[in-house]
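Because the structure is predicted, anything quoted here is derived from the model rather than measured. Indexing begins at 1, ligand by ligand and atom by atom, following the structure's order. Residue numbers start at 1 and run along the sequence shown.
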Amino acid sequence: MLEIKKEIAQNIAEIIKNINAQAELGEQDILDMLEYPPDEKMGDLALPCFKLSRTLRMAPPKIAEAIAESFSACSVKRAEAVNGYFNIYFDGEYLAKKVVAKVREKGDKYGAPDIGEGKTVVLDYSSPNVAKPFHIGHLGTTVIGHSLKKLHEFAGYKCVGINYLGDWGTQFGKLIVAYKKWGNREEIENGGVDALVALYVKINNAISGNEELGIPADPTLADESRAEFRKLEEGDEQNISLWRWFVDISLAEYQKTYKQLGIEFDSYKGESFYTDKMPAQVQKLRDMGLLKIDDGASIVDLEAYGMTPCLILKRDGSTLYPTRDIAAAVYRKQEYDFDKMIYVTSAGQSLHFAQWFKVVELMGYDWYDKLVHVPYGTVSINGAKLATRTGNVILLRDLFAESISKVESIMKEKNPDIENGDKIAEAVGVGAIVFYYLSNNRIRDINFMMEDALSFEGNTGPYVQYTYARTCSVLAKSPEYKGAETLVVTADEETSLLKALSRFEEVVREAIAVYEPSVITRYILDVAGAYNRFYHNCSILGADNEDVKNTRLALTEATKTVLGNAFGLICLAKTEKI
Ligand code: ARG
C-alpha cells in the first residue's frame with residue numbers, strides 16, 4: 001500500500017540524512033528505489049542499496065547495515081541487511097488492519113489514484129470502417145481503448161470516448177453504384193452489414209475482374225463509383241440518404257458487439273464530420289510554407305525527422321487520412337481542451353501517427369506533445385493469419401458466439417440448474433476472449449487459441465470470474481457477518497493475500513503510466529491465485545474461533561471488492577454465480 005510504502009521511505013530518508021547530511025535524498029527518491037522482490041523469501045519490500053552508494057560514498061552492504069540498525073516502523077515485523085539489500089517484512093496484522101479498513105472505506109473507489117482530478121483525456125478507439133466487416137483485428141483497439149478509458153476514469157480524469165467511424169471515402173461511391181445496380185432495400189434491411197459487405201465485394205470483383213469466378217474486369221464501374229462519390233461530396237440528396245442509411249445499418253450491428261462488452265461511446269463523430277474542417281488546416285499549412293508539391297500531390301517533407309513525407313492532398317486535390325486526423329485533432333482540442341488524447345490502433349499505423357503528430361508540431365500547435373499513439377500487435381487465430389483479401393476474416397460477433405456456446409455446454413454439464421444461465425454464459429464467454437486477449441503485452445503479436453481462452457483452469461477469464469463468484473458464495477453463506485472487529489492473522493496465506501490486495505493502487509498507476517491493460521490482468525491473476533491458496537489452506541466458515549473466522553470473511557470481502565474493481569477496468573463482467 002502506497003501509504004505504508006511512503007512511511008517506510010520517509011523513515012529511511014531520515015536515517016540517510018543522519019548518515020550523511022549532505023546527501024540530498026528525500027522520501028520520493030527512496031520511494032522510487034524501493035522494489036518488490038521477486039521471491040517472498042527476500043522480503044516483502046527491499047531497498048537495493050547499490051542505488052545509494054555513489055551519493056553516500058559507501059559500499060552497499062555498509063549502507064544496508066546502517067539502515068537496519070536504526071530502522072523501525074509499525075508496519076514492519078522484521079527488517080534485515082542482506083548482501084547490500086535492505087529487506088523488509090510486513091507485519092500481517094498491521095497490514096490487515098490497514099487494508100481491510102481502507103477497502104471498506106473506499107469500496108468501489110479502492111485502488112483509485114487521485115491523479116486525474118480536473119484533467120480531460122480524449123480516447124479515440126474502435127473506429128471501424130463502415131460497411132466493412134468488424135473482425136478480430138478490431139478486438140485490440142476496442143478492448144484496449146475501453147480499458148484505458150476505464151483506467152483513466154478510475155483515476156479521476158474526465159474521459160471522452162470517441163468512435164471515429166471510417167464513414168467517408170471512395171468506398172461509398174462503390175457501394176452506391178452496387179446498390180443501385182444489384183441491391184434492394186429489403187435485402188439490406190434484413191441482411192444488415194453482411195449484405196453491405198457482400199455488395200462491396202461484388203462491386204470490387206466487377207471493377208477488377210475475378211478470374212476464378214469468371215468475372216471480366218469492367219473499369220467503367222470505377223469511373224461511375226468516383227462520380228457517385230463526387231455527387232455525395234457535393235451533397236446530392238439521394239446519395240446522402242443512402243450513405244446515412246449504410247452508416248446506420250453498420251452502426252446498429254457494431255452496437256450489438258459493444259453491448260456485449262459493456263462499451264458505450266461519448267461521440268460517434270466519424271471521418272465524414274471533418275470534411276468541411278480540413279480546408280482551413282490545408283490553408284494554414286500552405287501559408288506557413290510547409291506544403292511541397294511532389295508529382296502533383298501536396299506533402300509535408302519530414303526527411304529531417306527521419307520519416308517519409310506526410311501526404312496531405314492527392315494529385316486531384318482530394319484529402320487523405322492524415323489530413324482528416326489533423327483537422328479532427330484541432331477540432332477536438334477546441335471542443336474538449338484535452339490534457340491528453342490517446343489513439344489506439346494496430347502497430348501498422350505507427351508511422352501514420354508519428355508523421356501527422358510531427359506535422360501538428362510544425363504547424364505550431366503547442367499541444368502536439370499531448371497526443372499519444374498506443375499501438376498493438378497483430379492477431380492470428382489458431383495459427384492462421386488473418387487476411388481480409390483472401391476472405392480469412394473472423395468476425396468478432398462469430399467469435400463471441402462460439403465462445404458463448406462453448407461456455408453454455410460446459411455449464412450444462414457442471415451447473416445445469418443455474419438461474420439466468422444465458423446471461424452468465426454470455427458474461428463468461430465474452431469475458432474469456434477479452435481476458436485472454438488482454439493477458440498479453442499489447443505490442444506482442446498474439447496467436448489466439450480458443451481452447452486455452454475457454455479453459456476454466458489456468459490463467460483464464462473463466463478462472464478469475466469463478467474466483468470472484470467464490471468470494472460471493474462464501475459471503476452469501478455467512479449472512480450474519482457484519483465486519484470484523486478484531487483482526488487476527490494466523491496463516492502465511494492470509495499475509496500473502498493481504499500483500500496482493502495492498503498493491504492495487506500502485507498497479508493501477510503503472511497500467512496508466514504505460515498504457516497497458518495487461519498490468520491489470522496480471523494483477524487479477526495474482527489476487528485470484530492468492531485468494532485460492534488462502535481458500536484451500538485456511539478454513540473460513542469452520543475456523544477455530546470467531547475472530548479468525550471474521551478476519552477470513554473480511555479478507556474474502558476485500559478480495560471481492562478488489563477483483564470487482566479490477567474487472568471493471570478491463571471490460572470483464574462480475575459474475576456472482578457461475
Ligand atoms: N478507421 C481506421 C481503421 O480501421 C482507424 C481509425 C483510427 N483513428 C484515427 N484517428 N486515425 O484502420
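Contacts between Phe353 and ligand 1 below 4.0 angstrom, taking non-hydrogen atoms only, involve the side chain exclusively. No part of Thr141 comes within 4.0 Å of ligand 1, judged by heavy-atom distances.
Electrostatic pairing of Arg226 and Asp223 counts as a salt bridge here, judged by a charged N lying under 4.0 Å from a carboxylate O. By the 4.0 Å N-to-carboxylate-O rule, Asp316 lies too far from Arg230 to be salt-bridged with it. Note on Glu361 versus Lys358: salt bridge recorded, some NZ/NE/NH1/NH2 to OD/OE distance being below 4.0 Å. The residues Glu234 and Lys231 are annotated as not salt-bridged, no charged nitrogen and carboxylate oxygen being separated by less than 4.0 angstrom.
Judged by distance alone, with hydrogens and angles left aside, the side-chain atoms of Ser127 form a donor-acceptor pair with the main-chain N or O of Tyr125 at under 3.5 Å.
Taking 4.0 Å as the cut-off, Tyr125 does not count as a neighbour of ligand 1 on heavy-atom distance. Heavy-atom separations between Lys132 and ligand 1 are all 4.0 Å or longer.
Those atoms of ligand 1 with a heavy atom of Thr345 less than 4.0 angstrom away are 7 (C). Within ligand 1, counting atoms from 1 as listed, the ones closer than 4.0 Å to a heavy atom of Tyr343 are 10 (N). Close contacts between ligand 1 and Gln349 involve ligand atoms 3 (C), 12 (O) [criterion: under 4.0 Å to a heavy atom]. Which parts of ligand 1 touch Asn129 is read off a 4.0 Å heavy-atom cut-off, strictly below it: atoms 1 (N), 2 (C), 3 (C), 4 (O). For ligand 1, the atoms sitting less than 4.0 Å from at least one non-hydrogen atom of Tyr164 are 8 (N), 9 (C), 10 (N), 11 (N), numbered in the order shown with element in parentheses.
Distances between N or O atoms of Asp325 and those of ligand 1 include at least one value under 3.5 Å. For ligand 1, the polar-atom distance check finds an N/O of Asp124 within less than 3.5 Å of one of the ligand's N/O atoms. Among the atoms of Tyr321, some N or O lies under 3.5 angstrom from an N or O of ligand 1.
Classification of the Phe246-Phe172 ring pair by plane angle, with boundaries at 30° and 60°, yields parallel.
Note that Lys256 lies outside the cation-pi zone of Phe134, set by a 6.0 Å cut-off to the ring centre and a 45° limit from the axis.
Atom NZ of Lys180 sits in a crowded spot, with more than 12 heavy atoms from other residues, nucleotides or ligands closer than 6.0 Å.
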